[in-house]
Amino acid sequence: MSKSDLRNRRLKAKPLVYIIGFLLLTNIITLIILMTAPDSDSLSETVATVDGEEISRQEWLHAIELRYGKEVLQQLINQRVMEQSAEKYDISISQEELDQEFSLLRSVLNMNDQASLPNEEVLKEQLKTELILEKLITSEVQFSEEERREYFDENQSLFSVPVMYRLSQIVVATEEEAQQVMQELSNDSSFEALARERSIDAATASQGGMYGYIPEDSTSVDEGIIQAAGSLDQGEWSSPIQTDQGYVIVYLHETTEGVSFTFEEVEDRIERQLALEQLNIPVTAESFWDEMPITWFYGPTE
């Protein structure tokens, strides 16, 4: 395998590291926030019953703390450590950098990854933390413009984002069922509710039909779906599309324009990537814990 192929694989694998952290931190925190209400009676609220025996919100919250509490708190500390380190070492993350990282990340994720990610605002906040960390550990490593341009020329496809459609879908087995769904949609039935109730595609049905962002040049999605998405305006659904799966009705949430980033736009990102490969050390925020006093519920931070 050539050096450029190895670099290519490493850069493509990077989003998977993000996903693990995002799912652990954001989904569990969101669940805890939903469970916690400002009034004192909320903890005694019944969240489930089993043959008449109640499970309280307090039991639920306690179980989550036991299972995930340490990991979630560690992530929150890491985020705060990075914010304070950025201020200490005069590191800033621009909105343009966040938007660029978000676009490149989204373009390489598959449907299942996308369905599990938090909303854009939360995702960008975590990306900001990761970018601060990368800048901290690569700030003293530099490469020549020739080396950066060589990397860019060899991997230009990694810095191009195609037109993307954010879609939901309802998949049914027969044309007759598809027409029934179309009738219900025309009568103001919820697309999400119909997807959960009618769709035979288990992966997207459980998400209310959410398919995620589909690149315009995707070869893993039926061509008819791509063509239909391209003809829709935001908030519209298509006529039934016959595919190998069955009959598919797609709903367009939004279309994002494609972009090919110039060398100047991704130059800093390339230098960080080259530096990370050269340093060959784990990218962790914990290495900065000893630079500031930290106390936490689980004892010494050493």
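Numbering starts at 1 and runs along the sequence shown. Excluded from the calculations below are hydrogen atoms, water molecules and symmetry mates; all remaining heavy atoms, backbone and side chain alike, are included.
For the pair Ser186 and Gln183, the tightest heavy-atom approach, listed with the atom from each and the gap, is OG-O, 2.6 Å. Residue Arg198 comes nearest to Glu177 through the heavy atom pair NH1-O, 4.2 Å, listed as atom of the first residue, atom of the second, then distance. Scanning both residues, Ser103 and Val161, for their nearest heavy atoms gives O-CG2, 3.9 Å. Of all heavy-atom pairs between Arg196 and Ala205, the closest is CG-O, 3.4 Å. Residue Ser92 comes nearest to Lys135 through the heavy atom pair O-NZ, 3.0 Å, listed as atom of the first residue, atom of the second, then distance. The two residues Thr284 and Leu133 make their nearest non-hydrogen contact at O-CD1, 3.5 Å.
Each of Ile200 and Ile249 belongs to its own hydrophobic cluster when Ile, Leu, Val, Met, Phe, Trp and Tyr are linked at side-chain heavy-atom distances under 4.5 angstrom. Taken together through direct or relayed side-chain contacts under 4.5 Å among Ile, Leu, Val, Met, Phe, Trp and Tyr, Val181 and Ile241 form parts of separate hydrophobic clusters. Val171 and Phe191 are not part of a single hydrophobic cluster, where members link through side-chain heavy atoms under 4.5 Å apart. Connection of Leu252 to Val221 is established within a shared hydrophobic cluster, with ILVMFWY side chains joined at heavy-atom distances below 4.5 Å, either directly or through further cluster members. The hydrophobic clustering, which links ILVMFWY residues whose side-chain heavy atoms are closer than 4.5 Å, places Leu73 and Leu66 apart.
With a 4.5 Å cut-off on side-chain heavy atoms, Arg272 and Leu131 count as touching. Side-chain contact check for Tyr89 versus Ser139: every heavy-atom pair is 4.5 Å or farther apart. Using a 4.5 Å heavy-atom cutoff, the side chains of Ile214 and Ile225 are not in contact. Side-chain contact between Ile294 and Val81 is present, with heavy atoms from C-beta onward closer than 4.5 Å. Using a 4.5 Å cut-off on side-chain heavy atoms (C-beta onward), Leu104 and Phe261 make contact. Looking at Glu96 and Glu265, their side chains never come closer than 4.5 Å, going by heavy atoms from C-beta outward. Side-chain contact between Lys124 and Asp99 is present, with at least one heavy-atom pair separated by less than 4.5 Å. Using a 4.5 Å heavy-atom cutoff, the side chains of Arg166 and Met210 are in contact.
Interatomic distance, CG of Asp222 versus CD of Gln245, reported as 8.5 Å (0.5 Å rounding). In this structure, CG on Asn78 lies 11.0 Å from CZ on Phe288, to the nearest 0.5 angstrom. Taken from OG1 in Thr204 to CD1 in Ile170, the straight-line distance is 9.5 Å, to the nearest 0.5 Å. Separating the CD atom in Glu97 from the CZ atom in Arg269 is a distance of 10.5 Å, to the nearest 0.5 Å. One distance of note links OG of Ser189 with CG of Leu194; it measures 5.0 Å at 0.5 Å rounding. Taken to the nearest 0.5 Å, the CG atom of Leu167 stands 8.0 Å off from the OG1 atom of Thr255.
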Evaluate side chain to side chain contact (heavy atoms under 4.5 Å, CB included) for Phe143 paired with Ile270, printing each intermediate quantity in order. CA-CA 10 Å; Phe143 293 85; Ile270 290 173; over 6 Å; no

With side chain to side chain contact (heavy atoms under 4.5 Å, CB included) as the criterion, how do Val250 and Leu232 come out once you've worked through the C-alpha distance, each side chain's angles and the decisive distance to 0.1 Å? CA-CA 9 Å; Val250 295; Leu232 296 173; 4.1 Å; yes

Go through the steps to decide whether Tyr151 and Glu271 satisfy the test side-chain hydrogen bond (donor to acceptor under 3.5 Å, both in side chains), and finish with yes or no. CA-CA 9 Å; Tyr151 184 94; Glu271 181 150 80; over 6 Å; no

Carefully, step by step, assess Gln75 and Gln126 under the rule side chain to side chain contact (heavy atoms under 4.5 Å, CB included). CA-CA 10 Å; Gln75 289 280 354; Gln126 184 66 9; 3.9 Å; yes

Given side chain to side chain contact (heavy atoms under 4.5 Å, CB included), test Ser260 with Gln156 step by step and report yes or no. CA-CA 9 Å; Ser260 292; Gln156 284 194 30; over 6 Å; no

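Side chains of Gln273 and Glu277: a donor-acceptor N/O pair is present below 3.5 angstrom, by distance only. Remark: the Glu286 side chain and the Gln74 side chain contain an N/O donor-acceptor pair separated by less than 3.5 Å. A donor atom on one side chain and an acceptor atom on the other are not found under 3.5 Å apart for Thr129 and Gln79.
Gln180 CD: more than 12 foreign heavy atoms inside a 6.0 Å radius. Heavy atoms of other residues, nucleotides or ligands lying less than 6.0 angstrom from NZ of Lys128 number 12 at most. By the neighbour-count criterion of 12 heavy atoms within 6.0 Å, atom CD of Glu53 is sparsely surrounded, having that number or fewer from other residues, nucleotides or ligands. By the neighbour-count criterion of 12 heavy atoms within 6.0 Å, atom CD of Glu87 is sparsely surrounded, having that number or fewer from other residues, nucleotides or ligands.
Of the charged side-chain nitrogens involved, at least one lies within less than 4.0 Å of a carboxylate oxygen, so that Glu83 and Arg80 count as a salt-bridged pair.
The cationic group of Arg148 does not satisfy the cation-pi geometry with Phe263, failing either the under 6.0 Å distance to the six-membered ring centre or the 45° limit from the ring axis.
For Tyr247 (side chain) and Ala178 (main-chain N/O), no donor-acceptor pair under 3.5 Å exists by modelled atom type. Put simply, the side chain of Ser85 never gets that close to the backbone of Met82: no donor and acceptor are under 3.5 Å apart. Under the 3.5 Å distance criterion, the side-chain polar atoms of Ser231 are matched with a main-chain donor or acceptor of Ala228.
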